[in-house]
Amino acid sequence: MKRLFAVALGVLTAIGGFLDIGDLVTNAVVGSRFGWSLAWVVVVGVVGICLFAQMAGRVAAVSGRATFELVRERMGPRLGLANLAASFLINLLTLTAEVGGIALALQLASSVHYLLWVPVAALAVWQVIWRVGFDVMENVTGLVGLLLVGFAVAFFLLGPDWTQLTDQLLQRAPHGESPATYWFYAVALFGAALTPYEVFFFSSGAVEEGWSSEDLAQSRLNVLVGFPLGGLLSLAIAGCAALTLMPLGVEVTTLSQVVLPVAEAGGRVLLIAIILGVVAATFGAALETTLSTGYTLAQFFGWSWGKFRAPAEAARFHITMIVCLLVGVAVLATGVDPVMVTEISVVFSAVALPLTYLPILIVANDPDYLGDQVNPRLLNIAGQVYFVLILVASVAAIPLMIVTGVGR
Amino acid sequence: MFLGDLVAAPVLQDGRRVGYVADVRLLVPPHTPGQRVGTPRVYGIVVCPRRTASFVGYERTGVREPRLLAAFFRWRARGSFLVLWPDLARVGENGVDLRLDARRWSADLDSRPQL
């Protein structure tokens with residue numbers, strides 16, 4: 001019974017923790033402009049994050065090494081440092097977007113301007129990291145984040161027109177957008193599903209929770225069941241926007257538009273549930289990205305790290321996180337639109353992805369690290385196909401962003 | 001001299017450049033007199049004809065997966081060879097000189113998985 005509970009908890013938190021501000025915004029924007037025409041990207045992205053997280057989790061559980069320890073060991077100091085710089089900056093951008101996301105969600109709930117919520121959100125994130133245990137932090141944000149299932153409820157309450165959605169899915173319905181914008185949003189959606197911090201966090205979390213080879217079955221289940229179900233929620237978000245906003249020609253540019261279809265379909269109760277879910281999801285992701293700033297730097301430079309250590313024993317790790325949170329707050333204080341920051345962060349996520357994917361793929365095949373737990377043949381074929389996809393998305397991202405003027 | 005100065009330094013033989021130092025191989029003897037553990041010694045240098053970074057671990061003969069990436073990294077490091085330390089004539093600021101009769105060994109490493 002206890003075992004069953006642990007399995008269920010793992011899967012549920014994986015679903016609730018799957019979505020962050022990047023997924024919420026990008027799926028809604030894409031849904032309102034392209035309907036379900038880009039739903040295939042969500043599927044491709046979810047398979048990718050399953051592959052990637054599964055490999056990173058296995059490497060961490062068997063060898064006890066998290067992502068940036070591997071980057072340092074495998075790529076050498078020079079290439080490793082370039083990798084660190086890129087991954088760290090993009091993670092900082094994602095952190096800024098997530099804190100902005102919490103503030104926007106709290107604005108929806110309170111009508112108090114989001115800029116007033118930004119310092120409150122950042123302080124709360126820091127307090128949780130400073131005081132709360134890793135398991136409690138993960139489970140609470142993951143379970144409350146499950147309220148985002150409300151998007152699926154809203155989707156069905158809206159009475160989806162399946163023939164229309166299928167036509168969009170099979171590219172039979174015109175969406176009136178240029179091919180460049182189509183592919184720009186394909187890359188953005190891919191980057192939103194496969195955000196690098198998810199993997200830094202996943203592999204470091206495995207070390208934090210002291211996983212060993214025996215925990216591999218559980219971790220595989222969490223990933224292979226939880227993430228695809230999280231992906232279905234992404235499709236529901238896009239579907240809601242496709243059903244309500246697309247016919248009116250409304251393009252999503254704010255968080256209130258993301259949740260608008262929910263209010264229309266389910267009224268006040270569902271809206272409250274969704275806003276709570278958005279707060280939990282962005283808060284959870286803000287915790288994860290903040291921790292990831294500490295993880296990446298500390299692992300690369302060989303500092304002691306981890307929430308399982310008292311802050312005094314991992315001082316540089318904690319100072320890194322505090323400084324990064326303050327930088328995020330400072331960026332938001334300029335009044336830059338958090339939704340815009342989010343859109344840019346998912347595109348740059350796609351740019352940086354090969355940098356961390358490649359070392360994980362290589363080390364997942366290294367018997368010196370993994371003994372007989374190296375990748376099986378089929379996984380390697382899929383892993384290499386995805387490497388090509390990730391590389392193409394990475395190279396195409398910036399040109400597409402420039403050509404389309406960030407998708408405008 | 002630091003090891004870091006040696007890595008990527010140009011390698012000359014008879015005045016001609018034959019490549020760059022891609023890696024430095026160390027040997028850790030089981031015992032050094034008067035110490036609990038052995039002091040590592042430089043055993044040789046790996047010379048790569050091109051200025052490419054490293055083998056990324058694929059110098060170990062037992063690691064051949066994922067196929068395409070392994071093939072790519074081994075191809076990138078093709079023509080690399082190992083020169084033992086006694087075969088170096090001079091190690092200086094501007095690079096490494098090999099003796100004229102320096103022997104070129106395979107850069108492969110036998111790898112036996114051990115955990």
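In what follows, chains are A, B, ... by sequence order, proteins preceding strands, each numbered from 1. For clarity, every value in this text was computed on a predicted model and none was experimentally measured. Note: hydrogens, waters and symmetry copies are ignored here, and every other heavy atom, side chains too, is used.
Top candidate by heavy-atom pairs under 4.5 Å with chain B, chosen from A/Val374, A/Ile362, A/Val363, is A/Ile362.
Summarising the local packing, CZ of B/Arg41 is surrounded by 12 or fewer heavy atoms from other residues, nucleotides or ligands at distances under 6.0 Å. No more than 12 heavy-atom neighbours from other residues, nucleotides or ligands sit within 6.0 angstrom of CZ on A/Arg377. Crowding of B/Arg17 atom CZ: a count of heavy atoms from other residues, nucleotides or ligands under 6.0 Å not exceeding 12. Annotation for A/Trp40: atom CH2 counts as buried by contact number, over 12 foreign heavy atoms lying within 6.0 Å. Atom CZ of A/Phe308 sits in a crowded spot, with more than 12 heavy atoms from other residues, nucleotides or ligands closer than 6.0 Å.
For a heavy-atom cut-off of 4.5 Å, chain B lies close to no residue in residues 346-357 of chain A.
Looking at B/Arg64, neither its backbone nor its side chain comes within 4.5 Å of chain A, counting heavy atoms on both sides.
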Result block: side-chain N/O donor-acceptor pairs under 3.5 angstrom for residues 5-16 of chain B, not counting sequence neighbours:
unit_1	atom_1	unit_2	atom_2	d
B/Asp5	OD2	B/Phe2	N	3.3
B/Gln13	OE1	B/Arg104	NH2	3.0
B/Gln13	NE2	B/Arg99	O	2.9

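Tested against B/Pro66, the residues A/Leu379, A/Asn365, A/Ile381 include a single side chain to side chain contact (heavy atoms under 4.5 Å, CB included) partner, A/Asn365.
Judged by distance alone, with hydrogens and angles left aside, the side-chain atoms of B/Glu65 form no donor-acceptor pair with the main-chain N or O of A/Asn380 at under 3.5 Å.
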